[in-house]
Amino acid sequence: MPCFELLLQHLHSHPQRLHQIHAVLITTGFHLASPPRALLPIRQGSSAVFFYNCLIRACLRHRDQPDTSLRLFAQMLAHGVRPNRYTFPSLLKAAAGDAASSPSSGRAIHAQAVRRGLLLDDFTNCSLVDFYARVGDLGSARKTFDELPQPDLASRNSMLHALCVHGDLAAAIALFESMVDGNVISWTSLINGYARNGEFHEAIDLFRRWIIQKDVPLRPNEAMLVSVLSACANLDHNRALFRGLEIHGFIVRNEAPLTGFVGTALIDMYSKHGHLDYCTDVFQATREKEVCTWNAMISALARNGRAASALQLFDAMTASRLRPNHVTFVAVLTACAMQKLVDQGLRWFESMSTEFGVVPLMEHYGCVVDLLGRAGFLKEAMEFIRRMPFEADASVWGALLGACKVHENVQLGDGVGKQLIELQPWPAGLYMVLRNIYAGAGRWDDAAGMKKALQNSGIKKPTGYSWIVSGDCV
DNA sequence: ACTTAAAATG
């Protein structure tokens, strides 16, 4: 196998070729074969570490090869190649993105890092904290972090993000406020933490606080803009629209580039507040449209009663080389449901997997049930649920229930309601739909029972919330 | 020559 020597030399002069080389190695199954035979020529020495580090890094781009990074790591140990400080950050990142990873694989890597004396390396520590948080073990992330004598800014930002993701906002705020050297990433993490935990006002306020910081050179930052705009989109209040408009103005004034993601966030924000004309403007002004930008615009049209235009835009999207994803098809099926285009909707549902390779998720089944149900094909919707490849969840039954309500089919609605009783916990809107069905049929006792059940469940009924309007996928 | 922290559409 002297070819590996050649490969290594080639890598020295053409590092950008790494991905091609890695792809070839994967497809030929080389580095997955038993260790000693396949990679014999690169046993020890500094170039071997470099080679492994590069390959492990390449795993980050090849998502389709699960646990390859861990195999590579095991293999390098088996070869007696010693991992160094460049090894662990990539390894941990790759392992965290691997669905099969668990805290225990992290602990094995962690132990190796300790053995290699890398606990003084900021990069490795930061990656460890991040890894534990990403595989859902906040306790270990916290413990690792707390044991660092002097965590650097990146490690603190990692911890901050971890706390936000796991919903421990109090601890996140405490950490944030203790940081005198917080940077844009720290601010973005907490703004996003507020937003994803439903504290939209706080997210917007923190963004404004950041703007007021005069001594910091304000370079508008894409992640921060996206986070705060999504807070404006999700806040169901007129004030939120004005805040969104302000931020849009801020973007224009500061000549922040209207990237695909910022454009997406703006379209979504205007769409949720019913300003379809602004959505169109932003969509046109966004130069490099991402798939999500198209999705946001298609949903905006569908949501604001322009289903035909939504379907036209979907055609335009497929006509360009972009690949629609599962979100695209939620939007398309929603548009079909609103226009009662049953045949067309069913055709798209069929072709999404056969033609576009997008496997339908629960949401898509919910959309089809909504599509059939709205058009009055209640029996067919029921039949469709029976033939689903997996158990329908509350959102799917809820779509059918909504249709029962619209078409005043108390008998089926009653049956569906009984089905739903099996599925806990109920979404808040469900109680009200059931109540209305019973009330519409004059079954006041049952209706009152539902209202009582809602109160007992302790769920707050969101104001202005309607199961029917929000559609198929609640 | 190889390493760390933030973001979105349903």
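Every chain is numbered from 1 and lettered A, B, ... according to where its sequence line falls, protein lines coming before strand lines.
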Side chain to side chain contact (heavy atoms under 4.5 Å, CB included) between A/V396 and A/M362, worked out: CA-CA 8 Å; A/V396 177; A/M362 187 71 81; 3.6 Å; yes
Per-pair distances, 0.1 Å, donor-acceptor, side chain in residues 344-352 of chain A, under 3.5 Å, sequence neighbours excluded:
residue	atom	partner	partner atom	Å
A/S351	OG	A/R347	O	3.3
A/S351	OG	A/W348	O	3.3

Distance-only donor-acceptor pairs under 3.5 Å for side chains of residues 261-269 of chain A, two or more places apart:
residue	atom	partner	partner atom	Å
A/T264	OG1	A/G260	O	2.6
A/T264	OG1	A/T293	N	3.4
A/T264	OG1	A/T293	OG1	3.1
A/D268	OD1	A/K272	NZ	3.4
A/D268	OD2	A/K272	NZ	3.3

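Residue A/K289 is out of contact with every strand shown, counting any heavy-atom pair closer than 4.0 Å. Residue contacts for A/N183: at a heavy-atom cut-off of 4.0 Å it reaches a base atom on one of the strands shown.
For the side-chain hydrogen bond (donor to acceptor under 3.5 Å, both in side chains) test, no residue two or more places apart in sequence or in another chain qualifies with A/N234. Looking at residues two or more places apart in sequence or on another chain, you find no side-chain hydrogen bond (donor to acceptor under 3.5 Å, both in side chains) involving A/T286.
An OP1 or OP2 oxygen of B/dT3 is reached within less than 4.0 angstrom by a side-chain nitrogen or oxygen of A/R57. Remark: A/K93 is in phosphate contact with B/dT4, judged by side-chain N or O atoms under 4.0 Å from OP1 or OP2. For B/dA6, the OP1/OP2 oxygens have a side-chain nitrogen or oxygen of A/R134 closer than 4.0 Å.
Set against B/dT4, B/dA7, B/dT9, the side chain of A/P89 has B/dT4 as its closest nucleotide. Closest to the side chain of A/F50, out of B/dA5, B/dC2, B/dT9, is B/dC2. Comparing atom distances between the A/L153 side chain and each of B/dA7, B/dA5, B/dT4 picks out B/dA5 as nearest. Checking B/dT3, B/dA6, B/dA5 against every side-chain atom of A/C126, the shortest atom distance belongs to B/dA5. Of the listed nucleotides (B/dC2, B/dA6, B/dA5), B/dC2 has the atom at the smallest distance from the side chain of A/C54. Across B/dT4, B/dA7, B/dT3, the shortest atom-to-atom separation from the side chain of A/S127 is found for B/dT4.
Here A/Y86 does not pack flat against the base of B/dT3, since the 5.5 angstrom centre distance and 30 degree tilt limits are not both met.
If you take CG of A/N84 and P of B/dT4, they are 13 Å apart, rounded to a whole angstrom. Taking atom NE2 of residue A/H161 and atom C1' of nucleotide B/dA6, one finds them 7 Å apart after rounding to whole Å. One interatomic measurement links the two molecules: CG of A/L160 to P of B/dA5, which rounds to 14 Å at whole-angstrom precision. Rounded to an integer number of Å, the gap from CZ of A/F145 to C1' of B/dA5 is 11 Å. The nearest whole Å value for the distance from the CE atom in A/M159 to the P atom in B/dT4 is 20 Å. The distance between atom CG of A/N192 and atom C1' of B/dA5, rounded to the nearest whole Å, is 13 Å. For A/R61 and B/dC2, the CZ to P distance is 13 Å, given to the nearest whole Å. For the pair A/L266 CG and B/dT9 P, the interatomic distance rounds to 13 Å; values are reported in whole Å.
Ion pairing between A/R107 and A/D137 holds under the 4.0 Å rule for side-chain N and carboxylate O.
Residue side chain A/N221 does not reach the base of B/dA7 through any donor-acceptor N/O pair under 3.5 Å, judged by distance alone.
Annotation: proximity of residues 294-313 of chain A to DNA chain B (heavy atom, distance under 4.0 Å) is found for A/N295, A/S299, A/R303, numbered in ascending order.
Checking side-chain atoms of A/N325 against main-chain N and O of A/V358 turns up no donor-acceptor pair under 3.5 Å.
Residue pairs meeting the salt bridge (charged side-chain N to carboxylate O under 4.0 Å, His left out) criterion with at least one member in residues 183-194 of chain A, sequence neighbours excluded, do not occur.
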